[in-house]
Protein chains: 2
Amino acid sequence: MAYQYGASKARAGHNPLGAASTHNITGTGNTSPPAQEASAKERIRDAAIELFGELGFNDVSLKTIGRRAGVSAPLVVHHFGSKTELRRACDRYVTERFHAAKLDAVHREGHMPQNYIFQVMQESRHLVQYMVRAFTEGGEEIDNLLDQLVEDSLVYTAEAEELGQVRPSQNRRHRAALLLLTTFGSMILHKQMKRLLGVSPVDDPPEQWGPYIAAVSEIYLNGVLIPEAYPDLVDFVEAFSSRED
Amino acid sequence: MAYQYGASKARAGHNPLGAASTHNITGTGNTSPPAQEASAKERIRDAAIELFGELGFNDVSLKTIGRRAGVSAPLVVHHFGSKTELRRACDRYVTERFHAAKLDAVHREGHMPQNYIFQVMQESRHLVQYMVRAFTEGGEEIDNLLDQLVEDSLVYTAEAEELGQVRPSQNRRHRAALLLLTTFGSMILHKQMKRLLGVSPVDDPPEQWGPYIAAVSEIYLNGVLIPEAYPDLVDFVEAFSSRED
DNA sequence: TCGGGGGCTGAACTGGTGTTCAGTCCTGAT
DNA sequence: ATCAGGACTGAACACCAGTTCAGCCCCCGA
């Protein structure tokens, strides 16, 4: 029972949950020469993103980061000033990377890409894991990234709604925000998801996401509750319709 | 625009998202005399649950816990042996508390209660916050609690499905698990939710949950995608129907 | 050839942690 | 009255974190 939905839909066109792409966004930055081995500073930054994403900011020591980067602990502060500033640098880097991935996808597809997050996810899970964990703690840079994701989601959802693919909403921004929050939130609990669904969208490759995609899709396609049984709730939801932007 | 859905539905009967109750489950344990001021050991345990839930296990020192409990740090280890064992004690306590809340609700209502988590949530948010954070890190005791919540959810969803209130599913267990994971996951991101929806289900009282309830309900009532636009996805979901238990 | 500066390190420092220890206080049984 | 034991504390300990410091190496420009 192989997972192949992503591929088939990518051929068909719009695809809200997966996107096939071989484009590499995990290389070194735009301005640096293409095929050069990473500098110590870059290795430190990458190691920090991996470890912070995996274990959390306070559960990773500079020595651990240094070891993974093949470097001493003092060199980390030599390059980044302090652990806190290292964290901010990681925030900035991840934000830039997502921004670049979006621009790249827009350029390739000619319109707002369908959830470019999933592209990043398939190619560089560390970045996503870092981002998700950073969301839980907050911070100016990372909060802006989330805001941006909401805005982007709003745009491509509007496109999809116009094409009759997505239902209208009483509050599109709230819906977009909640969908992102629940998706990211469930990724924080990916170890439990592995136990309960047999899949971790963080540790397992996309080919194995089937059960997860299936469960999510069922809910998003059909809903869960039967509206006729909840007239009060239906009214309540409608009462919350507010000014759209 | 006051939130009053919970109350109205509680009168009406079944209520998947809220439950009105004045019953107190936050008192001292079953066996202890009812109205006695908390012992130092209990105060320590409560302080630890609050702080662990708020800040995470490794970001809270024994001194901090002791200070909140009005006690010295060594007394914490005197009563609990070590910080790790304190954590396990908290896990056990929270698990017991949820178990007791369920039994209590079953006893009162005569059937599997509709999401007794929400009752606990309204009465003792600390417990929920601790539980959610504990899920991210895992652990035998806390994993069992989550498993139990899935099982319970399965039971009352079956009741509701029989009453025509909830849609059938290709994989009820996966759906139940995913709903719990996304709900809890979004609670981990409650600070972001506060920013994006204006409500934190952790920090704000239930009267203010309106925007959150509305957004969740809209999705659960109607879904998000229009199935006709995603025939492949519909097929894919159906292909994942598996043996129910 | 030389000199300077940046990448980089080991050793040392400071502060905070969990834990141990010795001892005080209080209570309740004998 | 006494004494045993548990609750409880301040001081001390070992450890580990982030950071500082002095100095090494090596490349590159003059």
Side-chain angles (χ1 to χ4, degrees), chain A residues 28-29 31-33 36-93 130 133-134 136-139 141, chain B residues 28-29 31-33 36-93 130 133-134 137 139 141:
Chain A
T28 48
T31 58
S32 62
Q36 190 177 352
E37 56 193 68
S39 70
K41 188 169 182 180
E42 291 168 334
R43 291 203 314 275
I44 292 171
R45 187 237 297 131
D46 293 343
I49 288 175
E50 285 183 32
L51 289 165
F52 288 160
E54 200 176 330
L55 303 169
F57 183 70
N58 283 316
D59 290 0
V60 177
S61 71
L62 293 185
K63 189 181 280 187
T64 306
I65 295 171
R67 194 182 315 128
R68 179 165 306 197
V71 126
S72 71
L75 190 66
V76 177
V77 2
H78 172 74
H79 278 302
F80 291 92
S82 72
K83 193 183 181 186
T84 306
E85 291 183 52
L86 169 61
R87 189 219 140 103
R88 270 197 283 270
C90 291
D91 283 359
R92 274 195 303 274
Y93 179 74
Y130 178 91
R133 200 175 275 265
T136 74
E137 304 178 8
E141 200 83 25
Chain B
T28 48
T31 57
S32 63
Q36 190 177 352
E37 57 193 68
S39 70
K41 187 168 182 179
E42 291 167 335
R43 291 201 316 274
I44 292 171
R45 186 240 295 132
D46 293 343
I49 288 175
E50 284 183 32
L51 289 164
F52 288 160
E54 199 176 333
L55 303 168
F57 183 70
N58 283 317
D59 290 0
V60 178
S61 71
L62 292 185
K63 190 182 280 188
T64 306
I65 295 172
R67 194 181 318 128
R68 179 165 306 196
V71 127
S72 70
L75 190 67
V76 177
V77 2
H78 171 75
H79 279 302
F80 292 92
S82 73
K83 193 183 179 186
T84 306
E85 291 183 53
L86 169 61
R87 189 220 140 103
R88 270 198 282 270
C90 291
D91 283 0
R92 275 195 302 274
Y93 178 74
Y130 178 92
R133 199 174 275 265
E137 304 178 7
E141 200 82 26

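Order of the sequence lines sets the chain letters (A, B, ...), proteins ahead of strands, with each chain counted from 1.
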Rounded off to whole Å, could you give me the [atom1]-to-[atom2] distance for the [X] and [N] pair?
X	N	atom1	atom2	value
N58(B)	dG16(C)	CG	C1'	14 Å
L62(B)	dA11(D)	CG	P	18 Å
F80(B)	dG6(D)	CZ	P	17 Å
H78(A)	dT9(C)	NE2	P	10 Å
F57(A)	dA17(D)	CZ	C1'	12 Å
D59(B)	dG18(D)	CG	C1'	15 Å
R67(A)	dC16(D)	CZ	P	12 Å
K63(A)	dC16(D)	NZ	C1'	8 Å

Between [atom1] of [X] and [atom2] of [Y], what distance do you get to the nearest 0.5 Å?
X	Y	atom1	atom2	answer
L86(A)	Y93(A)	CG	OH	13.5 Å
E85(A)	D91(A)	CD	CG	12.5 Å
I44(B)	S72(B)	CD1	OG	8.0 Å

Which nucleotide sits closest to the side chain of [X]: [options]?
X	options	value
K83(A)	dT19(D), dG10(C), dT20(C)	dT19(D)
V77(A)	dT9(C), dT20(D), dT19(C)	dT20(D)
L75(B)	dT19(D), dT9(C), dT9(D)	dT9(D)
S82(B)	dT9(D), dT19(C), dT19(D)	dT19(C)

For the backbone of E54(B) and the side chain of R133(B), can you confirm whether one donor and one acceptor N or O come within less than 3.5 Å of each other?
yes

Looking at every heavy atom in both K83(B) and N58(B), which two are closest together, and how far apart are they?
NZ-CA, 4.3 Å

Would you say H79(B) places a side-chain N or O within less than 4.0 Å of OP1 or OP2 belonging to dG6(D)?
no

Does a side-chain N or O from S61(B) land closer than 4.0 Å to OP1 or OP2 of dT17(C), or not?
yes

